[in-house]
2 protein chains.
Amino acid sequence: MRKDELLNAAESLLADQGAGCLTLAAVAERAGVSKGGLLYHFATKEALIKALIERLIADFDELVAAQDESSYTRSYLAATLAAVRSGRLRRWAVVTGAAGDPQLLAPLREAMCRWHRAGMEAEADPMAAQIVRLACEGLWDVATHDPEIYDESQYEELHQRLLALLPSP
Amino acid sequence: MRKDELLNAAESLLADQGAGCLTLAAVAERAGVSKGGLLYHFATKEALIKALIERLIADFDELVAAQDESSYTRSYLAATLAAVRSGRLRRWAVVTGAAGDPQLLAPLREAMCRWHRAGMEAEADPMAAQIVRLACEGLWDVATHDPEIYDESQYEELHQRLLALLPSP
DNA sequence: CGCGCTGTACCGTCCAGCCGGTATAGTAAC
DNA sequence: GTTACTATACCGGCTGGACGGTACAGCGCG
């Protein structure tokens, strides 16, 4: 889909130039399209950013759903580690920054709420699940700002230790 | 200090209007100062944002240092919970968003690195300390996006559970 | 031709930063 | 104590440029 390529362009631009440089002209150029072409697909800049955020959320939800684990928390943990390890994560922090209007972040707030409340009643030890999910969130944050902080073996150990916090199924 | 009032104005504007509305004129107006007056103290908008970020980091570092705990991790945990509970935290996510230029976030990256590496060798169980710190980071994030998610008793329980993860001193 | 899509030229707005000016206070010489 | 000078703090109009959005003119394809 053409739209996806445009979103990719916006995303990569955002990643290595920052929110300040996210102009319609720049996105169009990076996507190898004229500004008119870009605006044909996204009528306004807001629409572009909105799509960016929604795709981000949908991607992660999909990744969580794709995990074959026995609880939401375990899937969430596995998905987070997979995402972080793959290095495809410069995105989050920067995208949220691109939203000049805080209302654009509403879907993100909704998702955040979902990610940290979903399936809590099904957990044997809800507070332990809470902690694991919080650590996942923190991992996103830290790894985004400092990608070198953990190596493969540390990720592995982190995964094991976090799993160990959850009551065995 | 006059500069602090200007930073406060910028911060509150950022909190309830978003990064898009952070203009020199708007900051000046909210601070009850003319644009020229604002620019007298911060020669450029970049300088203003830089100061905003640096003050944020310094404030938190101070809060951590003020805790009377037996390890950095414990102080970090106590400081995080104090900050989150006090509700004075709409700031982080939004301020980082205001930085158009990613280079402005360099101090934040440096701080993040420090917060998650400092004193690790002094920890009896480094990975447990890591997990606690990550959960702190996640708590910031989640509570920023969804301030209602935890009530006082949950914060208290969270604190106890996280402390329990650390080897007793 | 009609339709999906692209490219170009242009407009209006908005904003950062500049600059000339004002007010107050301190200092120092006479 | 008055004059002259300097530093600090602040004001507000101006402008140049950038950017979002619009209008319109292709262009290939069925």
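As the structure is a prediction and not an experimental result, all values here were calculated from the model. In what follows, chains carry the letters A, B, and so on, assigned in the order in which the sequence lines appear, proteins first and then strands, with residues in each chain numbered from 1.
- Note: CG (B:L48) to P (C:dC15) measures 15 Å, nearest angstrom.
- Counting to the nearest Å, the C1' atom of C:dA16 and the CD1 atom of B:I49 are 12 Å from each other.
- By the 30° and 60° cut-offs, the orientation of the rings of B:W115 relative to B:Y76 is tilted.
- The separation between A:K3 atom NZ and C:dT6 atom P is 12 Å, rounded to whole Å.
- Within 4.0 Å of A:L24, counting heavy atoms only, lie sugar-phosphate atoms of the nucleic acid but no base atom.
- The line from NZ of B:K50 to CD of B:Q103 is 10.0 Å long, rounded to the nearest 0.5 Å.
- Across all strands, A:L22 comes closer than 4.0 Å only to sugar-phosphate atoms, never to a base (heavy-atom distances).
- A salt bridge is absent between B:R30 and B:E11: the closest approach of a Lys/Arg side-chain nitrogen to an acidic carboxylate oxygen does not fall below 4.0 angstrom.
- Taking only side-chain nitrogens and oxygens, A:R2 never comes nearer than 4.0 Å to OP1 or OP2 of C:dG4.
- The shortest distance between the side-chain N/O atoms of B:H41 and the OP1/OP2 oxygens of D:dA9 is not below 4.0 Å.
- If you take CG of A:L39 and P of D:dA23, they are 12 Å apart, rounded to a whole angstrom.
- In this structure, B:L38 places its CG atom 17 Å from P of C:dC19, rounding to the nearest Å.
- Contact between the side-chain N/O atoms of B:Y40 and the OP1/OP2 oxygens of D:dC10 is not found at any separation under 4.0 Å.
- Scanning atom types as modelled, no donor and acceptor separated by under 3.5 angstrom connect the side chain of A:K35 and the base of C:dG7.
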- Begin with the C-alpha distance, continue with both residues' side-chain angles, and end with the deciding distance and a verdict on side chain to side chain contact (heavy atoms under 4.5 Å, CB included) for A:L166 and A:D125. CA-CA 7 Å; A:L166 300 172; A:D125 182 347; over 6 Å; no

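- For a distance-only test at 3.5 Å, the side chain of B:K45 fails to qualify as a donor-acceptor partner of the base of C:dG17.
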